[in-house]
Amino acid sequence: MKWLAPVITVFTLAAACAPAPTADETREKLPASDLTSGYKFLQADTQALQDDDFANPGFLWVDRGRALFAAAPQQSKACAACHGEDGAELKGAAAHYPSVDETTGKLTNIEGRINLCRTRHQGLEPLDYETDDLLSLTAFVSHLSRGEPVKVDVSGPAEVWYRRGEDYFFTRRGQYNLACNQCHNDNWGRQLRGDTISQGHGTAFPGYRFEWQSLGSLQRRLRDCDAGVRAEPLAYGSDDYLAVELYLAKRAEGLPIEVPGVRR
Amino acid sequence: MRVVLGCAMSIWLAACQPDDAYQFASDVEVEGDAIVRSLEGKAGNAERGLTVFTDRDQGHCVLCHAIEGLDVEFQGDVGPPLTHLGDRLTEGQIRMRIAGAQKIWPETVMPSYYRKHGLNRVGREYLGEPALSAQQIEDLVAYLSSPKA
C-alpha cells in the first residue's frame, strides 16, 4: 500500500490547487460614496417599466405570491395566519436577509426562510428554486420591503459566511479567469457590448429579466455571471451562493430593495 | 520516496502558480513581451480574423474593444480601442496579448485565450481547451495587424 501515499498526495495537492482568493489587503472595496443601484444604468424605458406597477411584469409573480400567502393549504395554516393579512407583519423583513437561523445555525435567505416555514409550521414539502410557487412567494415577501434600505448582520455566527462570500467575490474562476470584483468594482459604468456593467447589487431580485422572459432569483443571476466567465455554475442553494448573497447585501447596505426589479 | 514526493510537489507547483509558471496551451517561446513565431505553425487569415473578432461564439472581442469603422453595433469599452493596432504593436506583441494577457498584466480583466492550465472551476463544456484555437488566434493577429483594423 506504500505506493499509494505519494499518489494520494498528488491528488490532495491538486485539489487544493484552486487559485486562492486575493489577499485581504489587496482587495479594493467599493467606496460607500459610489454606491449606485443597477437601476441607474438601465435604459429609460426599462426604468419606466420597473416604476409602473401595472406594466411591470414582475407583479404577475407578486400578485400570485399574495394569493398563495393568503390561501390555507389543506390540513394546514396559511402564511397569513402567522404573518398578518397581506403580510402586514413582514414589512421590511426581507431587507435584513440573509440571516442566520437560530435553530440550525445556518445562513438562510428568503427562499430558505419560506421553506423553513413550510416544513416547520405548515407540514409541507420545501419548494425548489425557480418553481413558480417559490418565486411568487419570494417576490411577494421581498416586495413588502420595497424602498426599505438593506441592512444585514454580519457579526457573530454570520461572520464566517460573510468572509466566505467575500472570498468568492474576489476569486477568479472559469476559462476567462475573472472574479466578480473585476467587473463590478473595477469596471462598473463601462460598456460590455450592449450592457452597462453595474456594481452588481442584488437589490432588484427576484427580478424580471428580458433575457429570461421570466422572473428569476438572485441565485439565477449569479449563475449567469459564473457562466459568463465560463465557470461551472454552482447548484441552487449552495453554501457559497448563500454566502455571496450575504456579502452582496452587506456591500449594498443602504440601497433600497427594488423587488420586483426589471433588468435586461 | 522522497524523489516521488518532490516530483509530486513540482507537478503541483507547475499547475498552481499563476504568474511565473504561466503555461500556454502548447509550447510557446516568449521573447520579451512578444510571441514571435505563429502558434502551432498556423498561418493567419485576416478575413476569418474579422469574424473571430466579432462573432459571439468565437472571440467576441467587441464585448470589450471597439474598432473605428467596424460595422458592429454596441462595441464595448472595458478595454482600449484597437483601431490601427498594427501601427503600435508588432504581430508578435499582438499574439502575446491575445494568447496570454494575464502573463503580461496579472491583474487584467482581459482573458488569456491560449491557456488551459491553472484555472479554477472551468465549465464542463470548456474543460481542457483554451478559449481560442491556435488557428483562431493567428486569424486575429492577421486581422488586427492589417490596415483593415
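Letters go in sequence order (proteins before strands), and every chain restarts at 1. Just so it is clear, the model here is predicted, and its values are computed rather than measured.
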Is the side chain of Q175(A) donor-acceptor paired with the backbone N or O of E129(B) at a distance under 3.5 Å, no angle test?
yes
Note, R172(A) side chain near Q102(B) side chain (heavy atom, < 4.5 Å):
yes
Around E253(A), counting heavy atoms of other residues, nucleotides and ligands shown, do more than 12 lie under 6.0 Å from its CD?
yes
Who wins among M110(B), E107(B), E125(B) for the most heavy-atom pairs under 4.5 Å with chain A?
E107(B)
Mark yes or no for whether R193(A), through its side chain, and E73(B), through its backbone, hold a donor-acceptor pair below 3.5 Å.
yes
Tell me, side chain or backbone of L192(A) under 4.5 Å from chain B's heavy atoms, or both, or neither?
both
Is the shortest heavy-atom distance from the side chain of Y176(A) to the side chain of Y113(B) under 4.5 Å?
yes
Please answer whether the main-chain N or O of R190(A) pairs with a side-chain N or O of D77(B) as donor and acceptor at a distance below 3.5 Å.
no
Residue R56(B) excluded, over 12 heavy atoms near CZ under 6.0 Å:
no
Surrounding CZ of F210(A) (heavy atoms of other residues, nucleotides or ligands, distance under 6.0 Å), is the total greater than 12?
yes
Segment of T171(A) engaging chain B (4.5 angstrom heavy-atom cut-off)
side chain
Is a side-chain donor or acceptor of R121(B) paired with a backbone partner of E232(A) at a separation under 3.5 angstrom?
yes
In terms of heavy-atom contacts, does CG of D45(A) have more than 12 from other residues, nucleotides or ligands at under 6.0 Å?
yes
Please look at H60(B) and chain A and tell me whether the side chain, the backbone, both or neither of the residue comes under 4.5 angstrom of a heavy atom of that chain.
side chain
E47(B), CD atom: more than 12 neighbouring heavy atoms under 6.0 Å:
no
Below 4.5 Å from any heavy atom of chain B, which atoms of D195(A) appear? Answer side chain, backbone, both or neither.
neither
Looking at side-chain heavy atoms only, is the closest gap between V109(B) and D186(A) below 4.5 Å?
no
Report yes if some heavy atom in the side chain of R115(B) is under 4.5 Å from a heavy atom in the side chain of N177(A); otherwise report no.
yes
Hey, are the side chains of V122(B) and R230(A) touching, using non-hydrogen atoms and a 4.5 Å cut-off?
no
Has Q182(A) got a side-chain atom pairing as donor or acceptor with T108(B)'s backbone, closer than 3.5 angstrom?
yes
